2 protein chains.
Amino acid sequence: MAGRAAEPEVIWARPERAGRGPRPAFSRQDVVDAAVRIADADGIDAVSMRRIAADLGCGTMSLYNYVPRKEDLYELMVDAASAEYVFPDRPSGDWRADMTDLAYQTRAIMYRHPWLSRVMTTAYGFSPNALRYLEWSLGCLTPLDVPAGLKMQLIAMVNGTVMATVRNEQAMAERARGLPWSEAEEQAVRGAYLMGQVASGRYPHLAALLAEAAAPADPEEIFALTLSRLLDSFTPTGPAGERGDAGERVTPA
Amino acid sequence: MAGRAAEPEVIWARPERAGRGPRPAFSRQDVVDAAVRIADADGIDAVSMRRIAADLGCGTMSLYNYVPRKEDLYELMVDAASAEYVFPDRPSGDWRADMTDLAYQTRAIMYRHPWLSRVMTTAYGFSPNALRYLEWSLGCLTPLDVPAGLKMQLIAMVNGTVMATVRNEQAMAERARGLPWSEAEEQAVRGAYLMGQVASGRYPHLAALLAEAAAPADPEEIFALTLSRLLDSFTPTGPAGERGDAGERVTPA
DNA sequence: CGTAGTTACGTACACCGTACGGAGTGGGGT
DNA sequence: ACCCCACTCCGTACGGTGTACGTAACTACG
């Protein structure tokens with residue numbers, strides 16, 4: 001029998017090697033690294049088993065000795081990206097600052113690997129590096145005196161917000177990759193359509209909004225503000241009082 | 001020339017018919033409806049041009065008379081789902097209640113069409129029904145005295161939160177669709193792996209959390225709480241005071 | 001030293017999106 | 001009234017995908 005039995009299993013628990021036959025030419029990590037390299041360079045759609053094999057210099061079907069299904073490869077890629085988090089020795093004691101740093105790290109990683117926003121379907125699975133991330137986050141949140149479930153909630157919401165933001169930014173760029181015209185043209189055409197619709201008078205509130213905020217705000221600042229606001233909503237005492245309107249934005253590390 | 005020139009265009013602006021030749025056998029909406037039916041029944045991956053054509057009883061390539069590219073079909077599907085929002089004659093005046101209702105509607109729509117969470121990449125494009133949604137949302141927010149940009153922010157975050165939540169719930173189910181074993185088995189195997197990892201002692205905080213919240217909280221309540229908390233963070237006066245801890249949760253319409 | 005369990009991988013299959021071109025159709029311009 | 005041509009319909013074909021299966025080579029264990 002060549003293939004392994006199709007039994008339920010988690011890719012993380014699958015042993016990489018069972019010591020009997022000839023020694024493998026690559027490691028599972030080699031395969032994942034190649035996939036990540038391709039995705040970084042040419043987008044996630046360029047990651048095909050044949051392409052990986054070609055880059056690695058082996059037969060296509062050999063890859064299936066390292067990865068049972070392509071979907072598992074995606075999980076492994078996300079885990080590989082999650083390995084890029086850098087944590088200090090211990091939490092600073094200021095959970096708000098720590099969570100802010102985490103959010104900025106997440107964003108940086110997603111910028112480094114634009115395919116992440118497409119592949120990372122669930123907020124977080126339980127890959128080794130996801131567990132590491134979760135453990136660290138919970139450590140940061142020990143000073144915060146709220147029920148455990150709420151902490152998970154906070155983590156999920158911070159992650160979700162960062163993911164949604166970045167995904168939003170990247171969606172059009174990724175879409176433009178497969179389009180027979182340039183991203184700028186696409187953006188122009190869509191903008192023109194929007195303007196036309198708004199000019200039709202059917203959307204007075206939207207028109208008012210566009211008139212008021214003619215110059216779109218700095219996305220960087222929006223991100224910081226959103227994050228700050230989100231963390232506020234988990235602060236037991238409430239956001240009132242100490243925080244000024246343009247106040248003390250926590251900067252990335 | 002059979003095909004239309006590959007010029008930048010928005011699918012919403014593309015005229016459905018240009019009155020010259022024989023009258024089409026279907027409308028664009030027919031095609032979209034068929035796609036939605038298939039996606040509802042057999043998942044988004046079952047939506048192929050051949051399958052749609054088969055369901056419609058026409059040749060595969062005929063579909064390209066109605067939809068220029070398959071990706072546009074996705075946009076049309078999202079727009080079709082967005083048409084399911086039901087808005088009262090006018091906002092209630094209580095923006096918090098209105099936004100809560102919107103969030104619950106979004107969630108309901110995503111439950112009705114489990115493929116939405118996979119297809120709706122960007123928080124919101126500018127499809128006709130997305131504009132309608134946006135216009136209504138802004139109308140609901142007129143009582144809220146904050147800068148226009150912040151209102152957009154609020155809308156985006158509410159949407160993002162709902163999407164993230166539902167996506168999270170549905171990710172495994174969708175994944176299980178293509179797996180050679182059942183979703184229950186998958187869940188069991190993953191749960192077992194998680195328990196094994198936690199039992200290893202490498203994740204003390206996570207272990208503590210799992211011990212504390214042995215019975216996972218009701219997702220329904222979590223959703224309501226998260227939403228409430230999020231809206232709090234946009235309330236100018238701050239959440240302090242009037243809201244009790246277990247207090248007045250707004251129920252879906 | 002077999003031999004059983006692995007690795008490597010060529011071939012093949014089913015399916016995908018869609019480019020292309022030909023046939024049939026019917027409305028608009030003359 | 002006519003014809004022309006834009007248009008709809010769609011069969012065929014191409015280049016791509018994930019991966020099941022079978023065979024050959026290899027190595028650690030009994």
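The chains referred to below are lettered A, B, ... by the order of the sequence lines, with proteins before strands, and numbering in each begins at 1. It should be emphasised that the depicted structure is a prediction, and the values quoted were computed from it without experimental measurement. Values reported hereafter were calculated over all heavy atoms of this structure, with side chains retained and with hydrogens, waters and symmetry mates removed.
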Need one value for A:Ala53: base, sugar-phosphate or nothing, where a base atom within 4.0 Å counts as base even if backbone is also close, heavy atoms only. nothing
What's A:Arg69 touching, base or sugar-phosphate or nothing? Going by heavy atoms closer than 4.0 Å. sugar-phosphate
Which whole-number value in Å describes the distance from B:Leu73 CG to C:dC16 C1'? 14 Å
Nearest-Å distance for atom pair CD1/C1', residues A:Ile38 and D:dT17: 14 Å
Counting just side-chain N and O atoms, does B:Ser48 come under 4.0 Å of either OP1 or OP2 of C:dC16? yes
In whole angstrom, give the distance that lies between atom CG of B:Asp45 and atom C1' of C:dA14. 15 Å
A:Ser62 side chain N/O closer than 4.0 Å to the phosphate oxygens (OP1, OP2) of C:dC9? yes
With heavy atoms under 4.0 Å as the rule, sort A:Val67 into base, sugar-phosphate or nothing. nothing
May I ask you to establish whether A:Arg190 and B:Phe126 are in a cation-pi arrangement, using a distance under 6.0 Å from NZ or CZ to the six-membered ring centre and at most 45° from the ring axis? no
Give the nucleotide from the list D:dC10, D:dT27, C:dG26 with an atom nearest to the side chain of B:Pro22. C:dG26
Assuming nearest nucleotide by heavy-atom distance, tell me which of B:Ala25 and A:Arg51 is located more 5' along DNA chain D. B:Ala25
B:Arg28 CZ to D:dC9 P, straight-line distance once rounded to whole Å: 13 Å
Residue-phosphate contact under 4.0 Å: A:Tyr66 side-chain N/O, C:dT7 OP1/OP2: no
Is A:Thr60 close enough to C:dC9 that one of its side-chain N or O atoms is under 4.0 Å from OP1 or OP2 there? no
May I ask you to decide whether B:Arg118 forms a salt bridge with B:Asp45, counting only side-chain N to carboxylate O separations under 4.0 Å? yes
Separation of A:Asn65 atom CG from D:dA25 atom C1', in whole Å? 13 Å
Picking from D:dG18, C:dC16, C:dA4, the nucleotide nearest the side-chain atoms of B:Arg50 would be C:dC16
Starting from the 5' end of DNA chain C, give me the residue, B:Ala46 or A:Phe26, whose nearest nucleotide shows up first. A:Phe26
Is the shortest side-chain N/O distance from B:Tyr64 to OP1 or OP2 of D:dC10 below 4.0 Å? no
Just by modelled atom types, is the B:Pro114 backbone N or O under 3.5 Å from a matching donor or acceptor in the B:Glu174 side chain? no
Given C:dG5, D:dT17, C:dG24, which nucleotide is nearest the side-chain atoms of A:Lys70? D:dT17
Could you state the CD1-P distance from A:Ile52 to D:dT19, rounded to the nearest angstrom? 11 Å
Is the shortest side-chain N to carboxylate O distance from B:Asp33 to B:Arg37 below 4.0 Å? no
Test side chain to side chain donor-acceptor pair (under 3.5 Å) applied to A:Asn129 - qualifying residues, sequence neighbours left out: A:Asp79, A:Arg132
Selection from D:dA20, C:dC20, D:dC9 that lies nearest to any side-chain heavy atom of A:Met61: D:dA20
Measuring from the side chain of B:Pro24 (C-beta onward, heavy atoms only), which nucleotide among C:dA4, D:dT8, D:dG18 has the closest atom? D:dT8
Closest non-hydrogen atom pair between B:Tyr66 and B:Ala25, with its separation: OH-N, 3.4 Å
In whole angstrom, give the distance that lies between atom CD of A:Glu71 and atom C1' of D:dT17. 15 Å
Rounded distance in Å - CZ (B:Arg23) to P (C:dG28): 11 Å
